[in-house]
*Asks:* 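Got a structure for you, written out below as structure tokens; questions coming shortly.
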Amino acid sequence: MTAGWDLLITDGRLATFDPELSGPYGLVADGAVGISGEQIEWVGPSSELPPDAQRAASVRSAGGRLVTPGLVDCHTHLVFAGDRSGEFEARLGGATYAEIAAAGGGIKATVAATRAASEDELVALAASRLRRLLADGVTTVEVKSGYGLDLDTELRMLRVARELGRQLPVDVVTTFLGAHTVPAEFAGLGDRYVRIVSQVMLPAVVEAGLADAVDAFCETIAFSPTQVEAVFAAAIDHGLSVKLHADQLSDSGGAALAAAHHALSADHLEWTTDAGVEALAEAGTVAVLLPGAALSLGETRRPPVAALRANGVPMAVATDANPGTSPLLSPLLAASLGCVLFGLTPAEALAGVTREAARALGRLDRGVLRAGARADLALWTVAEPPALVQWMAAQPCAAVVQAGRLRDVNYGNAGA
Ligand code: DI6
Ligand code: FE
């Protein structure tokens with residue numbers, strides 16, 4: 001039964017990322033997609049379209065250009081107030097991120113500004129950032145808390161994240177990051193703060209239904225593996241999945257720690273060892289690579305991409321959009337940097353912002369073009385998949401279909 005399709009996309013070069021199709025992109029050179037409601041009903045070569053397909057309520061030609069799954073940005077810190085451009089200037093002058101953090105800047109500076117901001121202010125600030133992601137073809141975004149570090153502000157941040165998903169055409173997945181850093185009022189009392197995160201904040205966040213997962217920052221300047229374990233134990237007790245900022249600035253065994261808790265993802269991984277990579281492979285935990293942070297921090301150490309690839313660890317790529325270490329609002333540019341800085345192939349980088357990013361969020365219903373998947377698609381001004389990551393800041397997104405609804409993207413179609 002095809003006459004009931006709501007939308008038919010014709011004349012597309014489909015990069016399906018369906019592992020059951022051959023080639024790195026799962027390419028269907030002259031393809032079509034049939035959509036009903038929020039679901040893809042049919043994907044295949046135009047020559048095999050059912051005879052009554054053209055009777056779909058609406059038909060859109062992709063003009064022979066590329067169609068991919070909608071992009072998934074699986075690691076962002078979009079909700080915050082304040083401005084840390086002075087820190088950027090100081091780092092360019094030679095100060096390190098750790099020195100700035102130790103002097104009360106860094107995450108703590110954003111915490112102070114975010115605590116002082118109203119819910120409406122935070123929605124307006126985050127919405128304008130999120131619109132930039134949407135212009136890049138994003139249809140699902142993960143948003144973390146972690147700039148509140150007290151119950152009221154953490155709840156406010158998560159409510160703001162949920163509100164973004166109501167105001168804008170995007171599916172928002174929320175993550176509670178109460179264990180981002182030890183707030184100033186708990187200086188020297190990290191264990192006590194971890195108990196509050198685990199025993200007070202987390203139950204309240206769960207009670208309010210505001211978090212889909214729990215994250216923590218495992219690092220010498222943040223939380224020890226033992227402290228992270230306490231937060232993870234509480235999360236798992238409450239039935240939430242976990243993920244971890246792991247091995248970003250030093251090797252703290254973060255990847256293995258994430259794997260031991262069957263984390264959805266371990267993110268950053270610049271200092272991850274072979275043992276950590278093997279643990280990720282064993283657990284099926286996704287490695288989320290964040291080249292924007294490495295670039296902005298001037299980090300020269302690279303995540304172990306060759307070892308991750310050799311061990312079959314799924315690799316996602318995300319913006320890590322945040323005001324300190326990764327002021328980046330383009331997942332396509334993140335994918336491009338994943339290629340030129342980290343050595344991903346274009347196919348890996350693009351699977352990293354679609355299929356594997358969806359996996360990193362535990363959302364296996366999206367990130368590929370195939371019948372039964374959620375109808376989240378991006379239509380591009382370019383025809384060749386690697387052109388999406390070859391060009392930087394070209395804004396080649398022409399339109400998206402989000403939850404079955406087609407919408408033109410008004411930013412540049414000056415694409416490559
Ligand atoms: N790692 C990061 O790169 C960000 N958070 C984290 O745990 C930094 C956040 C910030 O500096 O505001
Ligand atoms: Fe982050």
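What you see is a predicted model, and the numbers here were worked out from it, not measured in a lab. Read the numbers this way: they start at 1 and go in the same order the structure lists the ligands and their atoms.
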*Asks:* Quick one: which ligand 1 atoms are inside 4.0 Å of a heavy atom on Tyr147?
*Replies:*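 By the 4.0 Å cutoff, the relevant atoms are 9 (C), 10 (C), 12 (O).
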*Asks:* Considering only heavy atoms of Gln248, which atoms of ligand 1 have at least one such atom less than 4.0 Å away?
*Replies:*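 Answer for ligand 1: 1 (N), 2 (C), 3 (O).
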*Asks:* Under the rule for ring-ring contact (aromatic ring centres under 6.0 Å, His included), what residues qualify as partners of Phe17, not counting sequence neighbours?
*Replies:*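 Phe17 satisfies ring-ring contact (aromatic ring centres under 6.0 Å, His included) with no other residue.
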*Asks:* With heavy atoms of Tyr97 as the reference, note each atom of ligand 1 found under 4.0 Å away.
*Replies:*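 Counting atoms of ligand 1 from 1, those under 4.0 Å from Tyr97 are 8 (C), 9 (C), 10 (C), 11 (O).
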*Asks:* Would you say Thr140 and Asp171 are linked by a side-chain donor-acceptor pair, where the criterion is simply a distance under 3.5 Å?
*Replies:*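 No, no side-chain donor-acceptor pair sits under 3.5 Å.
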*Asks:* Thinking salt bridges, do Arg370 and Glu20 make one under a 4.0 Å N-O criterion?
*Replies:*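 No, Arg370 and Glu20 are not salt-bridged.
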*Asks:* To the nearest 0.5 angstrom, please state how far the CG atom of Asp73 sits from the CG atom of Leu332.
*Replies:*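 Interatomic distance, Asp73 CG to Leu332 CG, rounded to 0.5 Å: 10.5 Å.
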*Asks:* Where does Asp320 meet ligand 1, judged by heavy-atom distances below 4.0 Å: at the side chain, the backbone, both, or neither?
*Replies:*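 It is the side chain that touches ligand 1; the backbone stays farther off.
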*Asks:* Pairing donors with acceptors under 3.5 angstrom, does anything connect the side chains of His75 and Asp267?
*Replies:*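 A pair is found: one side chain offers a donor N or O, the other an acceptor, under 3.5 Å apart.
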*Asks:* If you count the atoms of ligand 1 from 1 in the order shown, which ones are under 4.0 Å from a heavy atom of Ile107?
*Replies:*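 Every atom of ligand 1 under 4.0 Å from some heavy atom of Ile107: 9 (C), 10 (C), 11 (O), 12 (O).
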*Asks:* With rounding to the nearest 0.5 angstrom, report the CZ to CG distance, Phe80 to Leu122.
*Replies:*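 Reported value, rounded in 0.5 Å steps: 10.0 Å.
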*Asks:* If you measure from each non-hydrogen atom of Glu219 to ligand 1, which part falls under 4.0 Å: side chain, backbone, both or neither?
*Replies:*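 No part of Glu219 is near ligand 1 at this cut-off.
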*Asks:* Give, for atom CE of Met157 and atom CZ of Phe176, the distance between the pair rounded to the nearest 0.5 Å.
*Replies:*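 Answer rounded to 0.5 Å: 10.5 Å.
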*Asks:* Around the Fe ion (ligand 2), list the protein N/O/S atoms within a radius below 2.8 Å, excluding water molecules.
*Replies:*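 Within the sphere that stays under 2.8 Å of the Fe ion (ligand 2), the protein atoms of type N, O or S are His75 NE2, His77 NE2, His245 NE2, Asp320 OD1.
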*Asks:* Under the side chain to side chain contact (heavy atoms under 4.5 Å, CB included) test, which residues partner Phe186, sequence neighbours left out?
*Replies:*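 In terms of side chain to side chain contact (heavy atoms under 4.5 Å, CB included), with neighbours along the sequence ignored, Phe186 is linked to Val182, Pro183, Leu189, Arg192, Tyr193, Ile196.
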*Asks:* Which residues satisfy the side chain to side chain donor-acceptor pair (under 3.5 Å) test with Asp30, sequence neighbours excluded?
*Replies:*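 Ser46.
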*Asks:* For atom 5 (N) of ligand 1, grab the closest protein heavy atom and report residue, atom and distance to one decimal in Å.
*Replies:*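 Looking at atom 5 (N) of ligand 1, the protein heavy atom closest to it is His180 NE2, 2.8 Å.
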*Asks:* Quick check against the 3.5 Å criterion: does Arg132 have a side-chain atom that pairs as donor or acceptor with the backbone of Leu329?
*Replies:*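 No.
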*Asks:* Tell me, which protein residue and heavy-atom name are nearest atom 2 (C) of ligand 1, and how many Å apart are they?
*Replies:*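 It is Thr325 OG1, 3.4 Å.
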